[in-house]
Amino acid sequence: MSQGHPKVFLETEALALLQSRGVPVPRSRAVTDPAEAVLAARGIGYPVVMKVLSPEILHKSDVGGVRIGLGDDQAVEAAFKEIMSSVKAALPDREVLGIGVFSQEPPGTEVIVGMMNDPKFGPMIMFGLGGVHVELLRDVTFRVCPVSAEEARKMVAEIRGYPLLTGWRGAPPCDLDALARLIAVVSEISMERGDLDSIDLNPVALYPAGLRVLDAKFVFLDGDGARSSWVDICPERG
């Protein structure tokens with residue numbers, strides 16, 4: 001691994017960890033060539049999303065490492081080649097292990113669930129509106145771990161945008177029980193693993209019944225114990 005870059009779980013690994021805890025995530029498969037990508041997409045079912053898999057790249061869309069809405073074999077094959085070419089041109093020194101093929105999930109109300117390992121307080125959970133809203137509005141709330149599902153419900157109710165989750169202007173309310181369980185799971189993982197610097201689940205799509213974690217970043221503490229800031233855990237989407 002190159003020096004000077006944060007070590008992260010591959011996204012397929014991060015989603016698999018969440019799924020092992022009962023968290024709903026997209027279907028996914030890691031591939032290493034265009035033909036394998038096509039077979040994976042057929043097995044998952046079109047349309048699919050493709051993202052570069054690298055332990056050294058946090059913001060994949062910034063380097064051309066993401067393609068969405070791929071609806072057929074030809075689009076998947078072309079996307080594989082385009083992603084590899086774009087990433088190599090932008091970051092030639094970074095390790096690339098392949099590409100993840102993911103099911104494209106239906107849109108929902110987007111929120112963010114995160115963790116930062118604070119040097120004073122230890123793991124801290126953050127919740128707020130997700131997607132572009134997290135950078136624009138900074139409508140977030142925090143708790144020191146551990147955070148139970150009951151406490152998570154209190155967190156959710158604290159943000160200014162809470163009415164958007166409960167049925168604003170006739171929209172169906174989101175499944176806040178599922179959201180509270182997700183927050184509690186992130187707290188559990190954070191308490192169990194002492195090697196994690198941060199967790200960034202953004203966006204999490206909320207539905208009237210259930211949710212899906214659409215993007216997951218797990219960043220490890222580096223060798224000298226350096227820790228991130230909330231600026232790091234609320235990145236622009238990628």
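These values consider heavy atoms only, across backbone and side chains, with no hydrogens, waters or symmetry-generated copies. Count residues from 1 along the sequence.
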Taking the side chain from [X] and the backbone from [Y], do they hold a donor-acceptor pair closer than 3.5 Å?
{"X": "N117", "Y": "D197", "value": "no"}
{"X": "S85", "Y": "K81", "value": "no"}
{"X": "E77", "Y": "Q74", "value": "no"}
{"X": "Q104", "Y": "G69", "value": "yes"}
{"X": "S86", "Y": "I83", "value": "no"}
{"X": "S103", "Y": "E105", "value": "no"}
{"X": "D139", "Y": "R160", "value": "yes"}
{"X": "R29", "Y": "V101", "value": "no"}

Polar side chain donor-acceptor pair, E36 to T32, under 3.5 angstrom: yes
Criterion ring pair (Phe, Tyr, Trp, His ring centres under 6.0 Å) on F127 and F142, from CA distance to verdict: CA-CA 7 Å; F127 167 75; F142 308 91; over 10 Å; no
For residues [X] and [Y], determine if any side-chain heavy atom of one lies less than 4.5 Å from a side-chain heavy atom of the other.
{"X": "L206", "Y": "L179", "result": "yes"}
{"X": "D215", "Y": "E11", "result": "yes"}
{"X": "L182", "Y": "V204", "result": "yes"}
{"X": "I57", "Y": "L91", "result": "yes"}
{"X": "V76", "Y": "M50", "result": "yes"}
{"X": "L201", "Y": "I112", "result": "no"}
{"X": "D118", "Y": "V144", "result": "no"}
{"X": "F102", "Y": "L214", "result": "no"}

To check you understand the geometry: which heavy-atom pair defines the closest contact between [X] and [Y], and what is its length?
{"X": "M155", "Y": "I125", "result": "CE-O, 3.9 Å"}
{"X": "G210", "Y": "A178", "result": "CA-CB, 4.2 Å"}
{"X": "I99", "Y": "V52", "result": "CG1-CA, 4.3 Å"}
{"X": "Y207", "Y": "P107", "result": "CE2-O, 3.4 Å"}
{"X": "T12", "Y": "S28", "result": "CG2-OG, 4.1 Å"}
{"X": "V140", "Y": "G128", "result": "CG1-CA, 3.9 Å"}

Pair [X] + [Y], salt bridge at N-O below 4.0 Å:
{"X": "K154", "Y": "E158", "result": "no"}
{"X": "R21", "Y": "E192", "result": "yes"}
{"X": "D195", "Y": "R193", "result": "yes"}

Co-members of the apolar cluster containing L39 [side chain, <4.5 Å]: none
Within 45° cone and under 6.0 Å: K217 NZ/CZ vs F9 ring: no
I68 atom CD1, neighbour heavy-atom count above 12 within 6.0 Å: no
